[in-house]
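Data first, discussion second: the structure below is written as structure tokens.
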There are 2 protein chains.
Amino acid sequence: MYDESLIELFKKTFPFWDKMSETDRETFMRSSHRVKFEKGRNIHDGNECTGVILVKSGSLRLYLLSEEGKEITLYRIFPGEMCILSASCVLNTITFDVFVDSEEDSECVVVGGCAYEDLSRRLPEAKIFALEAAVSSFSDVMWVMQQILFMSMDKRLAIFLLDEASKIGSDQIKLTHEQIAKYMGSAREVVSRMLKYFVSEGMISSSRSDGIRILDKKRLRALTL
Amino acid sequence: MYDESLIELFKKTFPFWDKMSETDRETFMRSSHRVKFEKGRNIHDGNECTGVILVKSGSLRLYLLSEEGKEITLYRIFPGEMCILSASCVLNTITFDVFVDSEEDSECVVVGGCAYEDLSRRLPEAKIFALEAAVSSFSDVMWVMQQILFMSMDKRLAIFLLDEASKIGSDQIKLTHEQIAKYMGSAREVVSRMLKYFVSEGMISSSRSDGIRILDKKRLRALTL
């Protein structure tokens, strides 16, 4: 009757599992669903409480989205990891919107936000676990922000090109300098100057018709370290 | 024997005060200090656990600092508010460094981080209170980050100039375009172009010898809305 592998997953993920009553566990299980998300699908758009997402295979991408459609990737969530920022009803002090997409075909287990919230009102350990996970995400996000705000332009641009190539699954990036500047929150002049340098170093080629093509991924990657 | 006004402050600040034992309250009080910080003084530099800072008068500024000395102001803390990110030992999942300066002469009460941490191990309410305060700061920080990453340049520059003027207490800002670009994480060309526009609109004047002078604060402020 019980889904044993789900129980195993919950035991491993939630350190408070042993402190839950039998009834709470049943409610928790009933509110949980196995879901398959195809590559590129939007899973959470900041509005509703999607719930706590546990990744079993594939990967998710968490990002901010501006009104003009500009995205900033905050971090990725891999198998064995959990997304708590999608459970906005659990973390009622969070007032900003994040978006979550599946970056590959992904298998997840989604624990209903209401069930978790209900539990965390009775079990402080569950509340503390969710809050600590959020604070830990906070640290990850701050790291990204510091990279963006403080990092040198060559590094940022290298990371952008590699991310973009991996996102579209091709080394040919058909974006104009203007578009790249817009995505990176920088100026076209600055982006063009740096791309020219990458071309002169043989790391990429750039042409009006083909856009940018990555030629030396290894050296580009070295710039990101 | 007891400092009644301190008890009043704690009662108002910490919703778990009534649930604390008499011994815990005494330890809490003993670990707390009234401190006066003069304007511009660094209070917390990210390394040690300074403790939970309650602001009674004045204001504090919380910011990130890059290795090159570039600062990003995250938010300010005003009378009646609390700084929890300076209590790193309470929030052990936080792995980034923030800096806190007093922006004016400020009177604060600092609750020792160890005493708080010790209490929060026994009283889940204290732990939850600290974590929720941190998550709430997270929201504030994300707002700032979204402004920086997504906001149009005119708005960002207007905010920077007004912030700077208020920080130095003068409408004359003696920074070069290059320095402003560095502080804002932007390119000099972009900053110069926008300053030229502000000059043409009569909002500021700009000269090599005097730097930038704010002429029309009201219109500059309108840009920030």
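In what follows, chains are A, B, ... by sequence order, proteins preceding strands, each numbered from 1.
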* Should A:Met142 and B:Leu64 be marked as a side-chain contact (heavy atoms from CB on, under 4.5 Å) after you check the CA-CA gap, both sets of side-chain angles, and the distance that decides it? -> CA-CA 9 Å; A:Met142 289 307 275; B:Leu64 297 176; 3.7 Å; yes

* To do: Indicate yes or no: at least one non-hydrogen side-chain atom of A:Lys127 is less than 4.5 angstrom from one of B:Lys127.
  => no

* Structure fact -> CD1 of B:Ile128 to OG of A:Ser120, rounded to nearest 0.5 Å, is 8.0 Å

* To do: Count the heavy atoms of every other residue, nucleotide or ligand shown that sit under 6.0 Å from CD of B:Glu201, and state whether that count exceeds 12.
  => yes

* Around atom CD of B:Glu48, are there more than 12 heavy atoms of other residues, nucleotides or ligands at under 6.0 Å? -> no

* Asked: Any side-chain heavy atom of A:Phe138 sitting closer than 4.5 Å to one from B:Leu85?
  -> yes

